[in-house]
Amino acid sequence: MSKTTVSVFAKRREAGEKIVVITVGSAAESAAAAAAGIDILLVGDSLGMTMLGYDTTIPVTMEAMLHHTKAVRRGAPEAFVIFDMPFMSYHTGIDEAVRNAGRALQEAGADAVKLEGGADPELIRRLVCAGIPVMAHLGLLPQSIQTVGSYKVVGRDAASAEKLISEARALEAAGAFAVVLECVPGELGRRVTETLRIPTIGIGSGVECSGQVQVLYDTLGITPYTPKHAKRFGELGEAMRAALAAYAAEVRAGTFPAPENTFK
Ligand code: KIV
């Protein structure tokens with residue numbers, strides 16, 4: 001089977017076929033997502049909250065992201081995997097950003113990187129020039145939580161909507177192959193999608209985007225709180241608690257391990 005490259009997603013957009021993206025952070029998760037036919041596996045820095053127990057994505061490091069991306073790649077050798085550049089891995093200069101993004105492809109086996117923000121199209125140009133495909137990310141930017149103050153919808157007023165559209169255009173012109181739109185009004189999601197030729201991947205940005213991305217733990221019903229943009233397609237958190245309680249009960253009752261679990 002030939003390896004998926006970014007041109008596939010441009011063709012999917014042209015054909016009006018929705019692109020399905022999910023976050024993953026382990027080999028077991030990536031194997032399940034690949035087996036389910038998900039198009040893109042995003043090793044999102046939201047794993048800092050879902051898997052590592054932090055309150056924000058700020059503490060997530062390059063080393064942590066490399067570690068998780070290697071595991072994701074081992075679980076799904078053929079999948080299209082995107083490495084989410086963590087806080088401070090692309091803010092201190094273009095050379096360091098290119099070097100860090102290069103590590104994502106060279107050391108961890110990612111196919112592309114994602115980075116937040118619209119302020120620096122030159123950075124995207126340099127990454128693409130170096131042969132590194134880039135997914136941009138506009139709207140709510142979780143890595144800016146310390147300056148923005150709260151997680152809120154972006155682009156509700158005309159000025160911020162126009163600003164976002166012009167940033168999206170600039171990122172496309174700089175060579176981004178797709179753009180994530182996080183928590184922008186559905187109408188703005190539609191406008192950006194109509195304006196750009198590259199696919200838009202929405203999270204909380206309406207059904208008109210070219211595709212959707214969701215956080216795996218929200219989608220599986222593992223996280224106790226469900227954000228408005230998410231839907232619980234399962235209740236795995238409850239299933240885990242029930243299975244573990246049954247295990248504990250059987251150990252305490254002396255019914256596990258049974259003879260069939262015991263080596264003769
Ligand atoms: O880290 C993440 O999960 C993300 C998605 C919300 C797009 O960046």
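Heavy-atom basis, side chains included; hydrogens, waters and symmetry copies ignored. Order of listing sets the numbers, starting from 1, for every ligand and every atom in it. Note that the numbering runs from 1 along the sequence shown for the chain.
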**Report entry** Heteroatom proximity flag, D84 to ligand 1, N/O under 3.5 Å
**Finding:**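 Right, the criterion is met.
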Report task. Give yes if a backbone or side-chain nitrogen or oxygen of D45 is under 3.5 Å from a nitrogen or oxygen of ligand 1, and no if not. Result ->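 Min N/O separation from ligand 1 is below 3.5 Å for D45.
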Show me which atoms of ligand 1 lie under 4.0 Å from any heavy atom of [X].
X: E182; value: 6 (C)
X: S46; value: 1 (O), 2 (C), 3 (O)
X: G44; value: 1 (O), 2 (C)
X: T23; value: 3 (O)

Report task. Tell me, please: is E116 in heavy-atom contact with ligand 1, that is, under 4.0 Å? Result ->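 It does not, in that no heavy atom of E116 comes within the 4.0 Å cut-off of ligand 1.
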**Report entry** Q214 heavy atom under 4.0 Å from ligand 1
**Finding:**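 No, Q214 has no heavy atoms under 4.0 Å from ligand 1.
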[X] and [Y]: side chain donor to acceptor below 3.5 Å:
X: T226; Y: D218; result: no
X: T193; Y: S210; result: no
X: Y217; Y: E29; result: yes

Query raised in the report: Only one of V134, L127, V113, L123 clears side-chain contact (heavy atoms from CB on, under 4.5 Å) with M85; which?
Result: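 One option only clears the test, and that one is V113.
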Requested in this report: Go through the steps to decide whether F9 and T4 satisfy the test side-chain contact (heavy atoms from CB on, under 4.5 Å), and finish with yes or no.
Outcome: CA-CA 9 Å; F9 304 115; T4 301; 3.7 Å; yes
**Report entry** Structural part of I203 in contact with ligand 1, heavy atom criterion under 4.0 angstrom
**Finding:**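 Side chain only; the backbone of I203 stays clear of ligand 1.
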Query raised in the report: atom 8 (O) of ligand 1: which protein heavy atom is closest, and how many Å away?
Result: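 It is K114 NZ, 3.0 Å.
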Query raised in the report: Which residue holds the protein heavy atom closest to atom 5 (C) of ligand 1, what is that atom called, and what is the gap in Å?
Result: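 The closest heavy atom on the protein side is L42 CD2, 4.0 Å.
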Report task. Using side chain to side chain contact (heavy atoms under 4.5 Å, CB included) as the criterion, list what pairs up with R190, not counting sequence neighbours. Result ->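 With sequence neighbours excluded, R190 shows a side chain to side chain contact (heavy atoms under 4.5 Å, CB included) to E187, E194, E208, given in chain and number order.
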Query raised in the report: Would you say K18 has more than 12 foreign heavy atoms packed within less than 6.0 Å of its NZ?
Result: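 Atom NZ in K18 is packed in, count exceeds 12.
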Report task. Applying salt bridge (Lys or Arg N to Asp or Glu O under 4.0 Å), name anything that partners R12, two or more places apart in sequence or on another chain. Result ->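 By the salt bridge (Lys or Arg N to Asp or Glu O under 4.0 Å) rule, R12 matches E17, D39.
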